[in-house]
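The structure appears right after this line, and notes come after that.
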Amino acid sequence: MLEKTYSPAEVEAKLYGRWEQSGAFACDVASNAAPYTIMMPPPNVTGSLHMGHALTFTVQDILIRYNRMAGRDALWQPGTDHAGIATQMVVERNLAADGVDRRDLGREAFVDKVWEWKAESGGTIVNQLRRLGASPDWARERFTMDEGLSAAVRKVFVQLYREGLIFRDKRLVNWDPKFQSAISDLEVESKEVDGNLWHFRYPIEGEDGRHIVVATTRPETMLGDTGVAVHPDDERYKDLVGKHAILPLVGRRIPIVADGYADPEQGSGAVKMTPAHDFNDFEVGKRHGLELINIFDSHARVNENAPEAYRGLDRFEARKRVVADLEALDLVEKIEPHRHAVPHGDRSGVPLEPWLTDQWYADAVTLAKPAIEAVETGKTVFVPKNWEKTYFEWMRNIQPWCISRQLWWGHQIPAWYGPDGTVFVEESEEAAAAAAAAHYGTPVELTRDEDVLDTWFSSALWPFSTLGWPEQTPELARYYPGDVLVTGFDIIFFWVARMMMMGLHFMKDVPFRTVYIHALVRDAKGQKMSKSKNNVIDPLDLIGRYGTDALRFTLAAMAAQGRDIKLAEGRVEGYRNFATKIWNAARFCQMNGCAADPAFDPAACSETVNRWIVGQVQKTSVAVAEAIEAYKFNEAAAALYQFFWGTFCDWYLEFTKPILQTPEGAAEHPGAAETRAATAWALNRALHLLHPIMPYITEELWESFGEEAGTLLIRRPWPDLPETLVDPAVEAEMDWLIRLISEVRSIRSEMNVPPSAQIPLILTGAADATAARLAGYRDLILRLARLSEARTGADAPAGSVQGVLDEATLQLPIADVIDVAQERARLTKEVAKAEGEIVKIDKKLSNEAFIAKAPEEVIEENRERLAEERQKRDRLAAALARLNAAG
RNA sequence: GGGCGCGUAGCUCAGCGGGAGAGCACUACGUUGACAUCGUAGGGGUCGCUGGUUCAAUCCCAGCCGCGCCCA
């Protein structure tokens, strides 16, 4: 016998191991089944499970479990990425706690430390994924720094270099002074900061007392100014173009140029130009041949290119000093408070410095072309479709991708320099040495490039590097391209776009056919969860309190396309209750001896209730399958919830009670055996349908109810049921029954008939078929509507409360409890309601244009509804008349 | 400024050309042998505003008002 309540924690721990050990998660390269592949977006190895992960991995697991059941050879490829900066930071912090600096340790020893750290604590998120019930093929778990994946990185780098698609260049980069590394423009986070707009006067050369006023948010950069720009049409400055200003504090003579970049509306209309420290100024500088003067070192301290007084100052100290010195010279026109966006490093959190350095770049412009085309031609489709716009927007405006990072943890760039700086890009040191020897005609000492590659460079290869590329493995042939990539929109640029580029370039095919972009999880108020707001909901905490299945069902139910998820804990609680409901329904089935019967044939039921539930199961299985295949997880969840609670528990189990529960001394109902088998069958099918979303409770119940002892639900086939199980006549009959019971209950409740009182029901004006139904379901009706008798009759007994059901009128003779005034009010309200409908439909039908232009079935439907409403109105009016006559 | 999206019941959200829905919350009643993590019934909505298209608009189009996110 099942326990009284479901205990998620116990069941989860027990079943996960059983699944994994049974090999249920593994794909089968030798299988004849069609493959179904999802590449898991590798979480950061330093990461721990947050709500976003919970959503994305739940969705992926639903897809994988469903497709596995649907007969596909499913591969869900798991793994983690090495997260260059984040991981290096973690390990550096740990070392710092022991008073060790990585530079004292040296590169090799430091990298060893990182590997040690990874071995000890790198698996956190992977274990948390298990608690979520995720079922990837763990045996194939990969890490972006694995030897195989590293070989893929080297090969890709060398090939792209030889094709001219990777190059080295001196450009402005987003420099992170804290990490001492370049970062890509995607890792830049704009933050609104309260600052000032400082207006400085720059004296004009040769015109005593005349100044040009420039406005800036970064006074300290003026030490590197090499020009002033004004708009060509700006009348105020026309005569100054071509002249020079004298840069205060420095004394440099700088040209005044005309450029459309200067906005006459902004500030004074004149802008100082610092081409070595601002991306826009860099472009303007290029157009006008302005000098590039780098005034900062890598820590963003003023260097030797600035006047001696400022050297060594940090950029913020330099700012104060410059302003103070200009004020002393009376060259500050005004200072206005100004709120503006300042680029920050998304991980370091410090303001970034545009800085001129040598870096490696990938030619994203060229690589993006086929990737754009693949989406244009539908080789890869986005779901929902509108994310294509975001993708195109970025891909069509893409810039060269800075792929080098000044870190130690990552894939070191396979480039070696000869004594004269000649670069040799090869897959190994030996190859580089050979190439150098050939170049110089003699072996030489080579120095390897110290930099490593952007983590996303290796992630971009994930869809094929994890399958063994560059080896031509059977896995690669079978599982590339993948079916669907599931991720959040925030990762379209970082990862999706780059996988598209690399996949198309190296595999000559897209990496996945579909990209499903899901929502972001926010808190109940719609705010992004963040530690600083202290509104983070921990999925593991929710799992602990409500169970994994409840959390998964909640996320599925809320994963409607195109809208973010505002997660309120109440929803999780509600779906925990749903799990409890499932548990209790199963207990009930067990208590009534409903066990799987191998001989049961759903198409051959004789009891109407059983023929009905079998059809409802069929409809639900189709609805759920279609919803999952269309990535409409909320619809799948709603169909399941409605079926299990609203149909199976609320009606079917109630309908079968009189059949299953034989009163003392009475003979068993002739349909009892069939009903027990049908109930078990329906419950078992429901467990199948629920399994992808609620794997644990369904697997646990399958253990007690399953048709085949010792099998696991995870490996069972998805129910493939014929449409013929749905019988419209049966549906109509059960629908009538439900409406009759509901109507009686509603009247009883409104008339305040105590639940314990058993009252009679007389159906007047009933057609023969209706009378037959009443007789056929008499026991059920008595029980569920709490009646003492239920029969047809010719006349209404005096003092009846009345209701209408199709052509018949319900009479509930409860003269002793009836309140005439209350009943009159009730009936009057009902009549008015019907009357309102009649007026609405009548108006529509008497509109000639409607009759002329609307489709025939719509007109017909309205005619039917009108007739129904009129019938109802007439019967209710008659009931009212009877009441008035009696009262 | 450009792009995307959202304003539907008290709350969280489905629906998106032909009868306004769900869950939670709320109210009343209920110890009917699966379930109070429950049952039965009920109240509650000019579907942001204004125009337009249409026989028909919560749904399509335009404008406006509020709100969010991304990119400059």
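Every chain is numbered from 1, with letters handed out A, B, ... down the list of sequences.
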Ignoring backbone atoms, establish whether Asn577(A) has a side-chain N or O less than 4.0 Å from OP1 or OP2 of rC35(B). no

With the threshold set at 4.0 Å, does a side-chain nitrogen-carboxylate oxygen contact exist between Glu830(A) and Arg873(A)? no

For the base of rG23(B), is there a side-chain donor-acceptor partner from Arg571(A) under 3.5 Å away? no

Mind checking the C1' distance from rC13(B) to rA72(B)? Whole angstroms is fine. 33 Å

If you look at every strand shown and take non-hydrogen atoms under 4.0 Å, does Ala854(A) touch a base, only sugar-phosphate, or nothing? base

How would you label the contact of Cys589(A) with the nucleic acid (heavy atoms, under 4.0 Å): base, sugar-phosphate, or nothing? nothing

Under 4.0 Å between a side-chain N/O of Lys4(A) and OP1 or OP2 of rC35(B), yes or no? yes

With sugar-phosphate meaning primed atoms plus P, OP1 and OP2, does Glu654(A) contact a base, only sugar-phosphate, or nothing at under 4.0 Å between heavy atoms? base

Would you call Tyr631(A) and Val59(A) a side-chain contact if the rule is heavy atoms closer than 4.5 Å? no

Evaluate the salt bridge (charged side-chain N to carboxylate O under 4.0 Å, His left out) criterion for residues Glu789(A) and Arg778(A): first the C-alpha distance (whole Å), next the side-chain angles of each, then the deciding distance (0.1 Å), finally the verdict. CA-CA 8 Å; Glu789(A) 61 171 318; Arg778(A) 201 173 154 277; over 6 Å; no

Pairing nucleotide - rG30(B), Watson-Crick or G-U, each distance under 3.5 Å: rC38(B)

So does Arg745(A) reach the base of rU40(B) with its side chain, donor to acceptor, closer than 3.5 Å? no

Take atom C1' in rU46(B) and the same atom in rC29(B), then report the distance between them in whole Å. 34 Å

Counting only side-chain nitrogens and oxygens, does Gln661(A) get under 4.0 Å of the OP1 or OP2 atom of rA34(B)? yes

Looking at Lys657(A), I'd like to know whether one of its side-chain N or O atoms comes within less than 4.0 Å of OP1 or OP2 on rU32(B). no

Ser746(A) side-chain N/O to rG42(B) phosphate OP1/OP2 under 4.0 Å: yes

Cation over ring, Lys657(A) on Phe588(A), under 6.0 Å and within 45°? yes

Could you check whether Arg786(A) gets within reach of a base, just the sugar-phosphate, or nothing at all, counting any heavy atom under 4.0 Å? base

Can you tell me whether the side chain of Lys389(A) and the base of rC4(B) have a donor-acceptor pair closer than 3.5 Å? no

Taking atom C1' in both rU27(B) and rA62(B), compute the distance separating them and give it to the nearest angstrom. 44 Å

Separation between the P atoms of rG52(B) and rG66(B), rounded to whole Å: 24 Å

Asn280(A) or Glu869(A), whichever maps to the more 5' nucleotide of RNA chain B: Glu869(A)

rG5(B) -> Watson-Crick or G-U wobble partner, both distances under 3.5 Å, gives rC67(B)

rA20(B) phosphate, OP1 or OP2: any side-chain N/O from Lys840(A) under 4.0 angstrom? yes

Go nucleotide by nucleotide along RNA chain B from the 5' end; which of Arg865(A) and Pro755(A) gets its closest nucleotide reached first? Arg865(A)

Pairing partner of rU46(B), by Watson-Crick or G-U wobble and under 3.5 Å for both distances, is none

Establish, yes or no, whether a centroid distance under 6.0 Å links the rings of Tyr641(A) and Tyr575(A). yes

Distance below 4.0 Å between Asn847(A) side-chain N/O and rA56(B) OP1 or OP2: no

Interatomic distance at C1', rU8(B) relative to rC47(B), whole Å: 4 Å

With Phe382(A), which of Phe489(A), Trp387(A), Tyr516(A), Tyr391(A) fulfils ring-ring contact (aromatic ring centres under 6.0 Å, His included)? Tyr391(A)

Considering only atom P, compute the distance from rC55(B) to rU40(B) and round it to an integer number of Å. 46 Å

P-based separation of rA22(B) from rC65(B) [nearest Å]: 35 Å

Does rG39(B) have OP1 or OP2 under 4.0 Å away from a side-chain N or O of Trp645(A)? yes

In the structure shown, which nucleotide is the Watson-Crick or G-U wobble counterpart of rA14(B), with both distances under 3.5 Å? none

